[in-house]
Every structure is written in structure tokens, then in C-alpha cells.
2 protein chains.
Amino acid sequence: MLHAVARAPCYLGALVGCAAIAVCTVYVANSAAQSSTQSQTQAGTASDSSNASPIYGVTIPPGYRDWKVIAVDHLVTNRVDQLRAQLGNEIAIKAFKEGTVPFPDGTIIAALHWTRVPSEDNNKALAGAFPGAKSFVIGSAVNVQFMVKDSRKYAATGGWGFADFKNGKPGDKPLHEACFPCHEPAKAHDFVFAHYAATP
Amino acid sequence: MLHAVARAPCYLGALVGCAAIAVCTVYVANSAAQSSTQSQTQAGTASDSSNASPIYGVTIPPGYRDWKVIAVDHLVTNRVDQLRAQLGNEIAIKAFKEGTVPFPDGTIIAALHWTRVPSEDNNKALAGAFPGAKSFVIGSAVNVQFMVKDSRKYAATGGWGFADFKNGKPGDKPLHEACFPCHEPAKAHDFVFAHYAATP
């Protein structure tokens with residue numbers, strides 16, 4: 001039951017994320033498909049296989065929370081209300097800054113999704129100068145998605161591998177089957193919805 | 001006239017930002033108050049003085065666009081609708097992660113503000129799976145604010161220096177006089193409104 005409960009919001013979050021803003025990625029380290037030697041020595045355990053995304057064999061790239069900012073956005077559906085940030089590894093950021101499309105192999109984009117909640121503290125602080133001002137901040141973490149570029153390995157899906165994690169665990173196969181079709185409308189931008197935010 | 005037009009939204013953006021989410025900072029390099037030697041050799045030109053914030057003598061810290069993410073938020077008033085990101089230098093990020101309050105000297109927090117606009121492209125991509133979904137993305141850059149911690153230099157304002165820039169130019173003195181009073185409600189968190197976003 002816990003599994004089913006966890007999976008439903010994960011599916012929603014991921015599908016929406018795939019279609020809306022950025023992401024779904026594949027981090028190539030430690031997947032059995034990527035390194036047979038490694039898979040024989042490290043992968044293949046229940047722990048390892050359960051931490052890789054279906055179809056793409058992606059695990060969470062270490063340190064992604066500290067990556068640089070591509071952009072931020074806000075998504076509302078009848079089931080979610082989220083503040084979101086897209087971050088990139090060094091290859092991704094360089095490509096975004098230089099406008100390189102298609103993105104080079106090794107690009108990884110991370111999409112971090114949080115609930116959006118009103119901040120009464122901020123609203124009180126604003127009330128004097130700006131009556132009626134409404135501030136919305138991050139409530140809690142929802143899920144994280146990755147797109148990893150490997151033009152040969154993932155040739156069937158535009159060169160991108162996808163992954164969606166909630167509480168450190170990947171979503172199921174149907175969830176990941178939905179990623180690439182959702183990203184197809186962004187084909188002109190190499191299937192990436194996010195655009196680099198101007199520097200204020 | 002251009003000056004007046006530019007100043008009005010800057011004031012609004014900065015005051016709202018000060019009160020609402022994070023920021024206003026002082027970057028200490030190149031201010032005459034900070035380095036008399038440097039001021040004699042580099043500062044004192046019209047170009048330098050016009051690039052430092054009033055009161056605090058802060059200039060824009062190089063590379064802030066590439067700093068790590070503290071949090072993101074959304075602010076609406078009757079005059080602005082913004083997506084925002086707070087980024088931190090290494091000292092800031094370490095303090096946020098470890099929950100260090102007050103923040104150590106050397107902390108710099110940057111608040112980047114952009115207009116929030118609907119994305120018709122994203123909405124079309126979402127329409128099939130999520131009828132009525134609404135995606136909002138960054139429109140254009142508005143302003144950037146900084147808070148710099150120097151407990152001795154800025155003892156009169158909680159240890160923080162503040163700055164607000166629009167198109168690379170600092171706002172005026174009245175704008176910067178408003179920063180610290182706006183941040184006072186956040187005294188329990190060392191006058192910082194932003195909190196570190198959980199890792200999804």
C-alpha cells in the first residue's frame with residue numbers, strides 16, 4: 001500500500017515534469033547496461049538495481065543539489081502546485097550559456113520539484129509597504145528528474161535517457177515510458193523544455 | 001527621464017525583495033570604505049562610484065549567477081509577479097546546510113528576480129495528460145539583490161550590508177535605507193528570510 005501511494009504522486013510529478021519544464025535524465029554510472037565489468041562487481045545487488053531507473057538504468061548523480069541554475073518555474077495542475085528549479089552539470093551549463101544545440105554527450109539536467117505554499121511570515125513583513133502582497137515559498141520536496149545525454153546509448157529516445165526519483169527511489173517502467181513522448185514537442189531545442197534564465 | 005523610469009521599478013523590486021524573501025547585500029570589494037589603497041588606485045572614478053550601492057558601498061560580486069541554490073519562491077503584489085531564486089557563495093551555502101545562525105562573516109546571499117509569465121508551449125505539451133495545466137516560466141530579468149555579512153563593518157544593520165542592482169546599476173539611497181527595516185522581522189534567522197530548500 002505504501003508502495004502504491006508513493007508511486008501515484010511520483011507518476012504524476014514525473015509526467016508533468018517531463019512535459020512541462022525540463023527533465024528526466026539518465027545518470028550512467030553503475031548501470032548494468034553501461035559497464036558490464038562494473039555490473040559484475042558492483043551492480044546486480046538488490047540495492048543497486050532498485051536505485052536505477054527502469055529502461056535507462058540511471059542512478060542519482062552525486063552532488064546534483066549543488067549544480068548551477070538553468071532556470072526556475074511554477075507549475076499548477078488540478079493535482080499539483082509546484083515551484084521548480086532546473087540545474088545543470090558543467091557540460092550542461094556551458095551548452096546553455098553558449099546556446100549549443102543539440103546538447104553534447106555528458107550533459108545532465110536535473111529538475112527539482114517542491115510544493116508551493118504561502119508564507120504568512122513573508123506576507124506580514126510585506127503588509128506595511130505592499131498591502132495584499134502574496135509570497136509563496138517552498139513547502140516540501142516532491143521529486144527530482146534527470147535527463148542525461150548519450151547520443152549513441154539513447155539513440156532511440158532522441159539521445160536522452162530519463163529518470164525520475166522520489167525519496168531516492170526511481171519510479172516504475174510506465175512512468176519512464178512516458179518521458180520521451182512528453183518531451184517530443186521540444187524537439188527543436190533537443191527535447192529540452194528549459195531555457196537559460198537571463199542574468200539580472 | 002530614463003533614470004526616473006528605471007528607478008521606480010528598482011525601488012519596488014528591492015523593497016519587496018528585502019521584505020519578502022532574502023536579500024540585499026553588500027559586496028565589499030572595490031568600495032572606497034573598504035580598501036583605502038584600492039580606492040586610491042581603482043575607485044574614485046565616476047564609473048566605480050556609480051557601480052557601488054549607496055550607504056554600504058557594495059559592488060556586484062563576480063560570478064554570482066553560478067552560485068549554488070538556497071531556495072526559490074514566487075511573489076505577487078499589485079505591481080509585480082515574479083519568480084525568484086536565492087543563491088549563495090560557498091560560505092553562505094555551508095552555513096545554510098549546517099544551520100549556522102548567525103551567518104559567518106563573508107556570507108553573501110544573492111536574490112535573482114525575474115518576471116513570471118505563462119508558457120503556452122508548455123501548456124500545449126501538458127494538455128493531453130493534464131487538461132487545464134498551467135505552466136509559468138521566467139519572462140525577463142528584473143533585478144538582483146545582495147546581502148553581505150560583515151559583523152563589524154555593518155554592525156548598525158544587523159551585521160549585514162545590502163545592495164540592489166537593476167541592469168548593473170545600484171538603486172538610490174532611499175531604496176537602500178528601506179532594506180534593513182524590511183529584514184528586521186527575520187531577526188530570529190539573522191535577518192535572512194530565505195531557508196534552505198530540502199533536496200528532492
Side-chain angles (χ1 to χ4, degrees), chain A residues 12 15-16 19-21 64-69 71-80 83-85 87 93 112-114 116 119 121-126 128-138 140-144 165-167 178 182-186 193-195 197-200, chain B residues 12 15-16 18-21 64-69 71-79 83-85 87 93 112-114 116 119 121-126 128-138 140-144 165-167 178 182-186 193-195 197-200:
Chain A
L12 176 64
L15 190 55
V16 169
I21 286 92
Y64 73 87
R65 176 65 179 79
D66 287 331
W67 288 355
K68 295 170 184 173
V69 180
V72 300
D73 70 280
H74 171 210
L75 179 70
V76 185
T77 74
N78 59 355
R79 296 173 65 182
V80 306
L83 287 170
R84 301 167 148 222
L87 312 182
I93 294 296
L112 291 73
H113 303 161
W114 300 276
R116 186 188 78 125
S119 170
D121 287 346
N122 287 354
N123 292 345
K124 286 178 187 171
L126 286 166
F130 302 97
K134 295 180 181 176
S135 170
F136 300 90
V137 298
I138 286 171
S140 57
V142 178
N143 67 319
V144 59
F165 295 90
K166 187 179 179 68
N167 296 324
C182 283
H183 276 260
E184 284 191 311
F193 285 96
H195 292 270
T199 300
Chain B
L12 175 65
L15 191 57
V16 169
C18 284
I21 286 92
Y64 74 87
R65 177 65 178 80
D66 286 333
W67 288 355
K68 295 169 183 172
V69 179
V72 300
D73 70 280
H74 171 211
L75 179 69
V76 185
T77 74
N78 59 357
R79 296 173 63 181
L83 288 170
R84 302 170 145 220
L87 313 183
I93 294 296
L112 292 74
H113 303 162
W114 300 277
R116 186 189 78 124
S119 170
D121 286 347
N122 287 354
N123 291 346
K124 285 179 187 172
L126 285 166
F130 302 98
K134 294 180 182 176
S135 170
F136 300 90
V137 299
I138 285 172
S140 57
V142 178
N143 67 320
V144 60
F165 294 90
K166 187 178 178 69
N167 296 324
C182 283
H183 277 260
E184 284 191 313
F193 286 97
H195 291 271
T199 301

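We use all heavy atoms of the structure for the numbers below, so side chains are in, but hydrogens, waters and symmetry mates are not. Chain letters run A, B, ... following the sequence lines, proteins first, then strands; residues in each count from 1.
- The candidate with the highest count of non-hydrogen atom pairs below 4.5 Å against chain A, out of V72(B), I138(B), V144(B), is V72(B).
- Scanning all heavy atoms of the two residues, the minimum distance from A198(B) to W114(A) falls at O-NE1, 2.7 Å.
- When heavy atoms are compared at a cutoff of 4.5 Å, P185(A) approaches chain B solely by way of its side chain, counted from C-beta outward.
- A pairwise comparison of heavy atoms in L83(A) and H74(B) identifies CD2-CB, 4.0 Å as the closest pair.
- Residues D73(A) and R116(B) have side chains not in contact (no heavy-atom distance under 4.5 Å, counting atoms from C-beta outward).
- Both the backbone and the side chain of D66(B) come within less than 4.5 Å of a heavy atom of chain A.
- Although no hydrogens or angles enter the test, the distance criterion places a donor-acceptor pair under 3.5 Å between the side chain of R65(A) and the main chain of A197(B).
- Closest non-hydrogen pair, N143(A) versus P200(B), comes out as O-CB, 3.3 Å.
- In this structure, the side chains of L75(A) and L126(B) come closer than 4.5 Å at one or more pairs of heavy atoms.
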